[in-house]
S.K.: 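The structure's right below; bear with me while I get my questions together.
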Amino acid sequence: MNIASTTASLSKSKSFSLNKRLTPYLYVLPSGIFLFAVLGFPILYSVFMSFQKYTLETLVSRHTQFIGFENYSNVLRDPAFAIALKHSLIFTVASIFFQLTIGLGLAILFSKAFPMSNIMRGLLLSGWQIPSVVTGTLFLFLFNLDYGLINFVLTSLHIISEPIGWIVQANSALPAVIIANIWLGIPFNVILLSAGVAGLPEDVYEAATVDGANGVQKLIYITIPLLKSTILAVLMLGFIYTLRVFDLIWIITKGGPGSATEVLPTFAYRLSFINFNFGRSAAVSVIMLFILLGGAILYLWAITKEESL
């Protein structure tokens, strides 16, 4: 009788312990199901489509065909893909560099107390609330050849002798959309970097001042090293957001003129909704996903190395 009682007690104890371990997972299960339905399933379905002959014809007939890596092979051999990849890398690197540089400068500036600093910070951050479509439309007018404000200011200051066709010339279209994206991303960088700057220890700067360090030396040898983890996070988020920018470029140039501003998202859109080759478009999306995963792995390696020091 004692043995049976002990066995029952152990069984209940194990059951209680198992339930205790499973309870936290039950709380996050609804969120996990929601995230899978909203994010996971579309990603998996895109991967599935990338291995199928998925065109308008097969979509109507509902008879898709498994073709293996043929979509990837065709995409990688397409000269337009190489152009879009090059433009994506230029667009991403240039945007992130200037967003981070200007954002860090403004974060340091607004960490100081000066008249109307709060109002100026609020006006700066309000730009982040503007949708990308609105920002694209705004810069579409700013870069206009005939009545754009940028050409008007530059010609009034005699910096240029005649208006520049910013978004209608191949050599200036990509810099134009980069400028627009830099403006759009600066507030986001300021928000993240300001949090890091606010947590920097004042005593280190006071000691550096006593030792005779100037502002540039403090920035290079104190501020940037102490903000390394924050800067890495900002770089990673900026890489993810910038590589997939579509709406801003499509509103301003639609990837043109010609292919001067064609990037991977606009290239995938063109394959899908203009050429109706959904399989190849999915292949481009999966390639972008792997590029982003590569960036995430690099970030995890850098942050792990930073924490181990």
Side-chain angles (χ1 to χ4, degrees), residues 38-47 49-50 54 71-72 75-76 78-99 127-143 166-168 170 172-189 235-296:
V38 175
L39 299 175
F41 177 74
I43 291 175
L44 293 177
Y45 193 70
S46 295
V47 174
M49 286 177 58
S50 68
Y54 216 110
N71 285 325
Y72 292 93
V75 164
L76 293 174
D78 191 341
F81 173 79
I83 295 173
L85 179 61
K86 183 184 74 172
H87 290 164
S88 286
L89 294 177
I90 295 172
F91 178 80
T92 301
V93 172
S95 296
I96 291 176
F97 175 79
F98 287 103
Q99 285 173 355
W128 190 40
Q129 307 299 323
I130 301 176
S132 300
V133 174
V134 177
T135 301
T137 306
L138 171 65
F139 275 92
L140 184 63
F141 285 102
L142 290 175
F143 286 124
W166 292 96
I167 57 177
V168 296
S172 60
L174 187 58
V177 294
I178 290 174
I179 291 171
N181 191 62
I182 290 171
W183 184 90
L184 182 63
I186 286 175
F188 178 73
N189 282 257
L235 287 174
M236 184 62 222
L237 292 174
F239 175 69
I240 293 173
Y241 292 149
T242 307
L243 187 67
R244 62 182 183 84
V245 168
F246 165 77
D247 44 5
L248 184 70
I249 296 176
W250 193 258
I251 289 294
I252 298 176
T253 63
K254 289 184 171 58
S259 58
T261 57
E262 188 83 291
V263 291
L264 291 178
T266 59
F267 180 57
Y269 178 87
R270 202 178 303 279
L271 283 174
S272 186
F273 297 103
I274 296 179
N275 299 337
F276 299 107
N277 197 323
F278 305 106
R280 292 189 186 181
S281 176
V284 175
S285 300
V286 173
I287 291 172
M288 287 178 57
L289 177 62
F290 276 101
I291 294 174
L292 293 174
L293 286 176

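Numbering of residues begins at 1 and proceeds along the displayed sequence.
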S.K.: Would you call the rings of Tyr269 and Phe246 parallel, tilted or perpendicular if under 30° counts as parallel and over 60° as perpendicular?
M.R.: tilted

S.K.: Quick check for you: to the nearest 0.5 Å, what is the distance between Leu184 atom CG and Leu138 atom CG?
M.R.: 10.5 Å

S.K.: Considering non-hydrogen atoms only, spot the tightest contact between Ser88 and Leu264 and give its length.
M.R.: OG-N, 2.9 Å

S.K.: Which atom names give the shortest non-hydrogen contact between Leu289 and Ile43, and what distance separates them?
M.R.: CD2-CG2, 3.9 Å

S.K.: Does anything in residues 253-269 pair up under salt bridge (charged side-chain N to carboxylate O under 4.0 Å, His left out), and if so which pairs, sequence neighbours excluded?
M.R.: Glu262-Arg270

S.K.: Indicate the atoms forming the closest heavy-atom contact of Trp250 with Thr266, along with that distance.
M.R.: CE3-CG2, 4.0 Å

S.K.: Measure from the side-chain N and O atoms of Ser259 to the backbone N and O of Gly255, and report whether any donor-acceptor pair falls under 3.5 Å.
M.R.: no

S.K.: Could you check if a side-chain atom of Pro265 sits within less than 4.5 angstrom of a side-chain atom of Met288, using non-hydrogen atoms only?
M.R.: yes

S.K.: What residue among Asn189, Ile240, Ile96 forms side-chain contact (heavy atoms from CB on, under 4.5 Å) with Leu235?
M.R.: Ile96

S.K.: Could you report the tightest heavy-atom contact between Ser132 and Leu248, atom names first, then the distance?
M.R.: O-CD1, 3.9 Å

S.K.: Below 30° counts as parallel, above 60° as perpendicular, anything between as tilted: where do the rings of Phe143 and Trp166 land?
M.R.: tilted

S.K.: Parallel under 30°, tilted from 30 to 60°, perpendicular over 60°: which one fits the rings of Tyr241 and Phe188?
M.R.: perpendicular

S.K.: Going by heavy atoms in the side chains, are Val284 and Arg280 under 4.5 Å from each other?
M.R.: no

S.K.: Can any side-chain N or O of Asn71 pair as donor or acceptor with the backbone N or O of Ser50 at less than 3.5 Å?
M.R.: yes

S.K.: Can any side-chain N or O of Ser95 pair as donor or acceptor with the backbone N or O of Ile182 at less than 3.5 Å?
M.R.: no

S.K.: Decide side-chain contact (heavy atoms from CB on, under 4.5 Å) for Thr135 and Ile251; before the verdict, give the C-alpha distance in whole Å, the side-chain angles of both, and the deciding distance to 0.1 Å.
M.R.: CA-CA 9 Å; Thr135 301; Ile251 289 294; over 6 Å; no

S.K.: Could you tell me which non-hydrogen atom of Pro257 sits nearest to which non-hydrogen atom of Ile167, and how far apart they are?
M.R.: CD-O, 3.7 Å

S.K.: Evaluate the criterion side-chain contact (heavy atoms from CB on, under 4.5 Å) for residue pair Asn181 and Gln99; output intermediate values, then yes/no.
M.R.: CA-CA 9 Å; Asn181 191 62; Gln99 285 173 355; 3.5 Å; yes

S.K.: Taking atom OG of Ser285 and atom CZ of Phe278, what is their separation to the nearest 0.5 Å?
M.R.: 12.0 Å

S.K.: Using side-chain heavy atoms (C-beta onward) and a distance below 4.5 Å, is Leu243 in contact with Phe91?
M.R.: no

S.K.: Below 4.5 Å, heavy atoms only, C-beta onward: do Phe267 and Leu85 meet side chain to side chain?
M.R.: no

S.K.: So how far is it from Ile83 CD1 to Thr261 OG1, rounded to the nearest 0.5 Å?
M.R.: 11.5 Å

S.K.: Looking only at heavy atoms, what is the nearest atom pair of Ile249 and Val245, with distance?
M.R.: CD1-O, 4.1 Å

S.K.: Go through the steps to decide whether Phe98 and Ile178 satisfy the test side-chain contact (heavy atoms from CB on, under 4.5 Å), and finish with yes or no.
M.R.: CA-CA 10 Å; Phe98 287 103; Ile178 290 174; 5.5 Å; no

